[in-house]
Every structure is written in C-alpha cells, then in structure tokens.
Amino acid sequence: MAFLVTGAAGFIGFHTCHKLLDRGESVVGVDVIDDYYDPALKEARLRILLAYPAFTFHRVDIADRKAMENVVAQHPGITRIINLAALAGVRYSIVNPYAYTHSNVEGQLVMLELARNLKQCEHYVYASSSSVYGSNKKQPFSVEDRVDSPVSLYAATKRAGELMAHSYSHLYKFPSTGLRFFTVYGPWGRPDMAAFLFTKAILAGKPITVFNNGDMRRDFTFVDDIVQGILSVAAKPPAIPGNLAKVYNIGNHRSEPLMRFISILEQSLGKKAAIVYAPMQPGDVKESLADIQPMIDDFGFQPKTTIDEGIPEFVRWYLDFYRH
C-alpha cells in the first residue's frame, strides 16, 4: 500500500507526508514547486522528506494530465490519494484568477480522473476550505449550511472541487472526502498567512496591517491537529452502499479574536507590534467557527492545540529557521 500526496512540498502536504513516513508508510509525493511564495521554503521542506527511503518525489503540476498519468503508472501500489495541491488564499485569487482555476479546478479534475481509473484506489481525499461558507452569518459553520454564495474566486474554485468530487463518486462509485480546513497555522507555515506575515514584520520593526480595524475572529487550527484529521479520514473511506462523497469541517472549534492572536504573538516574540488598521478586504469574512461534530462522531477527531500553545511553537520554528 502507498499514499499519493500532492502538494507534498506545501505546508499541510509536508506535514502529512512527514507523519505518514514516520509511521512507516510509503509515500509518493507530487509538487510543482511554483513561486506563489518563496520556493526556498518548499525546497527546505522537501529535503527533509527526501531523507526517507520510503519517499519518492515527482516535480509535476497536477493539472498536467499526461505527467500525472505517468506518475501513477510508475507506482502501481497506490491505494490512497490525498490531494492537497492547490492555490490557497483569498486575496491573491483576485489578482491572478486564472492560476486558481488551473490548479483548483483543472487540477482537481485531473486527480479525479486518476482516482476513478485507478482500480485499487480505496479513497480519494482532497483539500477544501472554510472559505466556501462565504458571508454566512450563522455560527458555527456547518456542513449542512448552504454554500452557494462564495465571496471570492478562491472560495468558488474550492466549492467547484467539492461538486466535481460528488459527481465523480456518484458516477463511478468510488469514495471521496473533502476537508474544509479552518485557518491552519504552525511550523513551516505559509509566508502569506497571518502568523508568518506578522512575525516577519514585528521582528523587522515594521508595522502590521490589521483588517476590519481588528474586529475579526478566526478558528485558528494548529497543523498537527489538521494532519491527525486528514489521516483519520484517509483510513476510513465512506462505506458502500451509501453516500460515497463526504465533506467535513476540520477546525479547532474555537473562534479567537484576531487581536488576542496578535497579543500572544507579541508575547512569544518579546516585542510589540506597530499596528496599522485598515478596512475589510474584498472577499474576506469577519468570523469563522467550525462545527466539527461530524468529525468527532465519525473519526473521534479531537483538536488539542490552543493558540496559547501553537503560536509559541510557530515562533520557535521561525526563529530557528531564519536564525534570528
């Protein structure tokens, strides 16, 4: 048995591969290593994974159909696919929309075609996002909520991916599960996300920009909890007969004020932030909170890490990695 993990050099993909390899699994990793953010960070993650004999890597774009077919042909033992390759982030989707449809829609289609033609594939797991909830006012966000009013192209592409998976599971009778991630942070995190952006600016003595004048809340979820959820889901595909296309929230089930997040970051760094307040950005949402009861019921999912524990861990990694 082997796992195919796309986005292997990305933030969540790296941690997922690392966990699988640590427990003795064989992993085939795929990543195009684009320049959406610093490729050197992705290469550093990749070097850690390449130290494992059970890890094989292919530098491939998941939307490249022929290249992905070639990857699968070289590894006939693949029984689980975890598709974490995607372009993430609300704001950049406004700037570069075609990149998002290429990766998140065309790429999802290619991966679904691979999964349905791979007869030994027992489960197709893929990344969705809490962004699909758009401007929904009801809290917490539930997978039973309507999600047909996205407020960003990023959200629209992730919802499209869910619908595509549903149709494929229905047509071709293979299990698929989408995971709506809620504001993931932690060591080796993405440079375009709050923990990274704020830490870099505070250490450089530069101001941080806080949107909606600081009146925002997020369900910040530590990456180790996310990975625990991914692997629990991957091990338990939807049962036949029944609904073969499932979707779950993965969050911390705590909606934390952004200003408290910043305060803990300041304490961890031992340095105050200079704050510039700004209006809400287009496509952004004021608050997120995940209803994770279905994950608890079906997989025993229990997120353990609060921001009081997770932020200092991120800061320790950052200071070590960048040698501050």
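No hydrogens, no waters, no symmetry mates; every other heavy atom, side chains included, goes into these values.
Ion pair E256/R254 not flagged as a salt bridge, since none of the NZ, NE, NH1 or NH2 atoms sits closer than 4.0 Å to an Asp/Glu carboxylate oxygen. The pair K304-D224 does not count as a salt bridge, with every side-chain nitrogen at least 4.0 angstrom from each carboxylate oxygen. Using a 4.0 Å cut-off between a side-chain N of Lys or Arg and a carboxylate O of Asp or Glu, R180 and E162 qualify as a salt bridge. K138 has a carboxylate O that lies under 4.0 Å from a charged side-chain N of D145, or vice versa, which qualifies the two as a salt bridge. Using a 4.0 Å cut-off between a side-chain N of Lys or Arg and a carboxylate O of Asp or Glu, R59 and E43 qualify as a salt bridge.
Across all their heavy atoms, T221 and N252 have their closest contact at OG1-N, 3.3 Å. Closest approach of A245 to A165, counting heavy atoms only: CB-O, 4.4 Å. In terms of heavy-atom proximity, A63 sits nearest to V110 at O-CG2, 3.7 Å. Closest of all the heavy-atom pairs between S176 and P238 is O-CG, 4.0 Å.
Of the possible polar contacts, none joining the S103 side chain to the A99 backbone as a donor-acceptor pair under 3.5 Å is found. A donor-acceptor pair is defined here as one N or O able to donate and one able to accept, closer than 3.5 Å; no such pair exists between the side chain of R218 and the backbone of L258. At least one donor-acceptor pair under 3.5 Å links the side chain of D31 to the backbone N or O of I33. One N or O on the side chain of Q139 and one on the backbone of L289 form a donor-acceptor pair closer than 3.5 Å. Using modelled atom types, one side-chain atom of N249 and one backbone atom of F141 make a donor-acceptor pair closer than 3.5 Å.
Residue pairs meeting the ring-ring contact (aromatic ring centres under 6.0 Å, His included) criterion with at least one partner in residues 220-272, sequence neighbours excluded, are Y185-F222, F220-F261, Y248-F299.
At a threshold of 4.5 Å between non-hydrogen side-chain atoms, the residues F211 and Y277 do not count as touching. Considering only heavy atoms from C-beta on, L46 comes within 4.5 Å of F55 through its side chain. Using a 4.5 Å heavy-atom cutoff, the side chains of Y36 and D192 are in contact. Between H123 and V125, some side-chain heavy-atom pair lies under the 4.5 Å cut-off. Using a 4.5 Å heavy-atom cutoff, the side chains of E69 and R65 are in contact.
Here the two rings, on F14 and H18, have centers that are under 6.0 Å apart.
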Candidate pair Y100 and N104, rule side-chain hydrogen bond (donor to acceptor under 3.5 Å, both in side chains), full reasoning: CA-CA 6 Å; Y100 280 74; N104 301 355; over 6 Å; no
Chi angles and distances behind the side-chain hydrogen bond (donor to acceptor under 3.5 Å, both in side chains) call for N83, T6: CA-CA 5 Å; N83 180 20; T6 70; 2.5 Å; yes
Test side-chain hydrogen bond (donor to acceptor under 3.5 Å, both in side chains) applied to S130 and S288, step by step: CA-CA 8 Å; S130 62; S288 68; 5.2 Å; no
Stepwise salt bridge (Lys or Arg N to Asp or Glu O under 4.0 Å) test for D308 and R260: CA-CA 10 Å; D308 303 86; R260 184 169 120 74; 2.8 Å; yes
Stepwise ring pair (Phe, Tyr, Trp, His ring centres under 6.0 Å) test for F11 and H15: CA-CA 7 Å; F11 173 33; H15 282 281; 5.6 Å; yes
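Under a hydrophobic clustering in which Ile, Leu, Val, Met, Phe, Trp and Tyr are joined whenever their side-chain heavy atoms come within less than 4.5 Å, directly or via other members, I296 and V143 fall into different clusters.
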Anything under 3.5 Å between a donor and an acceptor, one on a side chain of residues 228-236, the other on a protein residue two or more places apart or in another chain? List them.
from	atom 1	to	atom 2	distance (Å)
S232	OG	Q228	O	2.9
K236	NZ	D298	O	2.7

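Judged by the 6.0 Å and 45° rule, R116 forms no cation-pi pair with F174.
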